[in-house]
Amino acid sequence: MIAAAKGLTDDDLRFFSERIAKLPPPPPPAVPPEAARAGRAAALARQRHCGNCHNPDYSGHDNVPRLAHQREDYLVKALRDYRSGKRIGYGNAAMAETVAGLADGDLQDLAHYLAFLPRR
């Protein structure tokens with residue numbers, strides 16, 4: 001992303017961010033979630049206080065991204081990258097601390113849960 005945005009002006013970035021902010025949230029997948037995985041992940045998300053930063057409905061706000069209905073494969077990669085330190089948060093270590101010690105299966109379940117969240 002850095003290479004793609006390198007030549008953009010501040011006005012360009014504001015324009016794109018305003019446009020992106022107005023896009024509707026992605027729809028949840030058409031198939032139902034795996035109930036057992038979603039249940040485990042919902043408990044894990046409560047335990048790790050994920051809704052405190054990302055909102056209880058995981059809609060995100062300001063510079064905290066939306067997690068609800070993102071692609072499952074994207075969420076798994078992002079969570080793995082936070083856990084390994086390959087990806088850093090916006091000026092803080094909150095995500096690395098949040099996923100520290102989680103097994104890969106936990107990360108996969110969290111991604112599944114977030115991708116399949118029901119509409120409220």
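We number each residue from 1, following the sequence as shown.
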Give, for atom [atom1] of [X] and atom [atom2] of [Y], the distance between the pair rounded to the nearest 0.5 Å.
X     : Y      : atom1 : atom2 : result
Glu18 : Arg14  : CD    : CZ    : 8.0 Å
Asp12 : Phe16  : CG    : CZ    : 6.0 Å
Met95 : Cys53  : CE    : SG    : 9.0 Å
Leu79 : Leu114 : CG    : CG    : 7.5 Å

- Would you check if Leu75 and Leu67 make a side-chain contact, meaning some heavy-atom pair closer than 4.5 Å? yes
- Query: Just wondering, do Val76 and Leu107 contact through their side chains at under 4.5 Å, heavy atoms?
  - Reply: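 Leu107 does not reach Val76 side chain to side chain.
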- Message: Using the rule given for side chain to side chain contact (heavy atoms under 4.5 Å, CB included), can you reason through Arg48 versus Leu44, listing the C-alpha separation, both sets of side-chain angles and the distance that settles it, and then say yes or no?
- Response: CA-CA 6 Å; Arg48 297 291 173 130; Leu44 188 57; 4.2 Å; yes
Any donor-acceptor N/O pair, [X] side chain to [Y] backbone, under 3.5 Å:
X      : Y      : value
Arg83  : Leu102 : yes
His69  : Phe116 : no
His112 : Glu72  : no
Arg87  : Ala78  : no
Asp57  : Ser59  : yes
Asn55  : Gly60  : yes
Arg80  : Lys86  : no

- Message: Run the side chain to side chain contact (heavy atoms under 4.5 Å, CB included) test on His54 and Arg66 for me, step by step, so that the C-alpha distance in whole Å, both residues' side-chain angles and the decisive distance to 0.1 Å come before the verdict.
- Response: CA-CA 7 Å; His54 293 275; Arg66 163 182 287 281; over 6 Å; no
- Thinking salt bridges, do Asp81 and Lys77 make one under a 4.0 Å N-O criterion?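 The answer is yes: the pair qualifies as a salt bridge.
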- Message: Looking at every heavy atom in both Gly51 and Tyr58, which two are closest together, and how far apart are they?
- Response: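 Closest approach of Gly51 to Tyr58: N-CE2, 3.8 Å.
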- Taking every non-hydrogen atom, the tightest pair across Pro33 and Ala38: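 Between these two residues, the closest heavy atoms are CB-CB, 4.5 Å.
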